[in-house]
Amino acid sequence: MRRVKVIGAGIGGLVTAIGLQRRGVDVTVFERASSPGPVGAGLSLFGNAFTALDAIGAGDAVRALGGPQGELHAGQRRPDGRWLSTIPPDAVAELRVVHRADLHRVLAGELAPGTIRWGSPTTAELGEFDVVVAADGLRSQTRSSWPDDPGVRYAGYSTWRGVTARPVDVGGEAGETVGRGERFGMAPLPDGRVYWFGVSTMPLDATFADEYQEVRRRFAGWHAPIADLFDATEPSDVFRTGIFELAGPLPSFRRGRVVLLGDAAHAMTPDLGQGANQAIEDAATLSLLLAGSADIDAALSEYDRLRRPRTQRIAGRAHLMGRLMQSRSPLRNLLLRLTPPQAVARQLRSMQSWQPPAAAEQTPA
Ligand SMILES: Cc1cc2nc3c(=O)[nH]c(=O)nc-3n(C[C@H](O)[C@H](O)[C@H](O)COP(=O)(O)OP(=O)(O)OC[C@H]3O[C@@H](n4cnc5c(N)ncnc54)[C@H](O)[C@@H]3O)c2cc1C
């Protein structure tokens with residue numbers, strides 16, 4: 001039987017392990033953290049993530065988390081609440097915003113007991129394994145040991161994130177509000193609590209005496225219900241993350257029997273909400289190819305061929321979107337106002353219209 005070592009029990013590593021285990025591959029996930037960490041934030045999962053999860057048989061488990069959250073009026077607003085653009089609801093009909101901790105719990109629960117070795121930092125040495133899947137995140141040690149690692153770069157902005165401690169009525173409205181070098185986003189979770197984020201352009205080494213007070217101060221006076229969201233959030237649950245991306249595209253996701261997956265391969269800014277969605281696509285692709293082909297090396301090469309162009313294109317678009325949304329230029333709002341909703345819808349549909357590889361139909365080795 002084929003043996004696969006997965007480095008990292010993040011979303012990418014867990015979905016890979018589910019896909020492989022369901023197809024009879026002997027898989028072990030090594031995670032350096034001693035237990036699942038509390039991740040107090042939401043995560044958007046689009047139609048493409050559900051297509052990928054369905055391809056490995058895990059879609060319904062994730063859907064059971066709840067949502068979609070009904071037809072929301074979503075798009076971009078000005079700080080005074082006036083809408084600049086709206087997203088046609090049918091273009092995001094499958095979008096669900098879930099709590100990260102819930103998603104991790106559901107994914108880990110899909111694996112046979114003992115599959116994840118917590119508190120086990122590891123390297124990309126093959127040892128007794130046939131393949132190593134390095135799903136070891138933005139600062140992947142595996143990638144940094146490759147000669148062509150481009151490294152990571154700070155995107156110039158940082159994000160505070162929080163989840164309200166209780167349900168808050170967002171009045172059927174969600175999306176982003178854009179100021180000058182600042183943005184605020186909100187999305188209801190299936191249980192009515194609200195995931196929110198505040199993004200500000202700042203130096204990487206900026207420090208604040210009180211993160212909660214700082215984010216409140218920056219978005220004071222912005223439209224309702226932003227102040228209510230701060231009121232409903234425990235100050236200790238608010239945290240700030242500097243936004244990083246891969247400094248350039250990798251020439252390959254594969255070196256011998258080691259492949260990079262998820263942020264390790266293509267860390268992107270969160271401006272399209274696609275980082276984890278792409279990790280899930282990677283995971284479904286790799287597990288279907290590896291389990292469905294007698295030739296391991298051919299499967300790994302095919303994984304690289306299928307995944308690199310798409311993920312690098314989406315990372316490039318996320319980068320440009322981040323530049324646009326953080327822009328202080330008045331032209332930004334004009335552009336948002338003049339972009340027809342149908343053009344936005346077309347983009348969103350095309351991003352989500354992904355299909356798994358046909359290798360799923362092949363007979364497993
Ligand atoms: C502010 C923000 C908002 C975002 N919002 C969204 C969103 O709405 N939708 C979306 O799709 N994406 C979003 N993303 C991106 C998303 O969070 C990431 O793309 C995704 O979590 C990457 O998953 P991963 O499994 O590749 O890596 P990680 O989640 O980073 O997992 C890597 C794991 O590997 C472990 N590890 C590392 N080294 C070792 C080692 N040597 N041995 C053992 N274990 C190791 C780590 O401890 C970690 O658990 C957002 C990102 C940010 C910063």
Side-chain angles (χ1 to χ4, degrees), residues 5-17 28-37 39-50 52-53 62 92 95-101 103-104 107-108 116-125 132-145 152 154-155 157-163 174 176 183 185-187 189 195-200 239-246 253 259-283 286 307 311 314-315 318 322 351-352:
K5 168 184 187 174
V6 175
I7 311 178
I11 295 166
L14 291 176
V15 178
T16 308
T28 308
V29 182
F30 294 84
E31 169 55 54
R32 68 181 170 197
S34 51
S35 60
V39 203
L43 186 84
S44 56
L45 291 176
F46 288 84
N48 52 314
F50 285 102
L53 289 165
V62 176
V92 283
L95 171 67
R96 287 159 198 251
V97 182
V98 298
H99 198 291
R100 280 177 185 257
L103 179 63
H104 276 261
L107 294 176
I116 309 174
R117 302 224 182 127
W118 297 100
S120 304
T122 189
T123 67
E125 288 297 314
V132 173
V133 181
D136 49 354
L138 170 73
R139 294 194 167 76
S140 163
Q141 276 174 25
T142 311
R143 191 191 66 236
S144 66
S145 71
V152 298
Y154 179 54
Y157 43 95
S158 295
T159 302
W160 285 275
R161 285 180 280 176
V163 173
E176 285 192 354
R183 263 184 286 170
M186 65 179 92
L189 298 176
Y195 164 51
W196 60 262
F197 55 87
V199 189
S200 287
F239 61 102
R240 178 166 54 105
T241 312
I243 301 302
F244 284 83
E245 63 190 340
L246 218 59
F253 289 176
V259 287
L260 298 173
L261 183 143
D263 277 9
H266 46 66
M268 59 186 76
T269 66
D271 300 283
L272 297 175
Q274 275 288 324
N277 287 256
Q278 291 307 309
I280 293 169
E281 283 187 16
D282 289 349
L286 182 63
R307 296 305 301 155
T311 53
I314 290 177
M351 192 174 70
Q352 296 173 87

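Ligands are counted one by one from 1 in listed order, and the atoms in each one are counted from 1 as well. Each residue takes its place number in the sequence, starting with 1.
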Do any side-chain atoms of residues 30-37 form donor-acceptor pairs under 3.5 angstrom with protein atoms, and if so which ones, sequence neighbours left out?
residue, atom, partner, partner atom, Å
E31, OE1, A9, N, 2.8
E31, OE2, A33, N, 2.9

Examine the side chains of Q141 and D136 and answer whether a donor and an acceptor come within less than 3.5 Å of each other. no
Residues passing the salt bridge (Lys or Arg N to Asp or Glu O under 4.0 Å) test with D271, sequence neighbours excluded, are R183
Treating S120 as the side-chain partner and W118 as the backbone partner, does any N or O pair qualify as donor plus acceptor under 3.5 Å? yes
Looking at residues at least two apart in the chain, or sitting in another chain, which of them share a salt bridge (Lys or Arg N to Asp or Glu O under 4.0 Å) with R240? E211
Just checking, R100 and Y195: is the charged tip under 6.0 Å from the six-membered ring centre and within 45° of the axis? no
Residues around ligand 1, heavy atom under 4.0 Å from any ligand atom, sorted by chain and number. Can you pull those? I7, G8, G10, I11, G12, F30, E31, R32, L43, S44, R100, S120, P121, T122, A135, D136, G137, Q141, R161, I243, G262, D263, P270, G273, Q274, G275, A276, N277
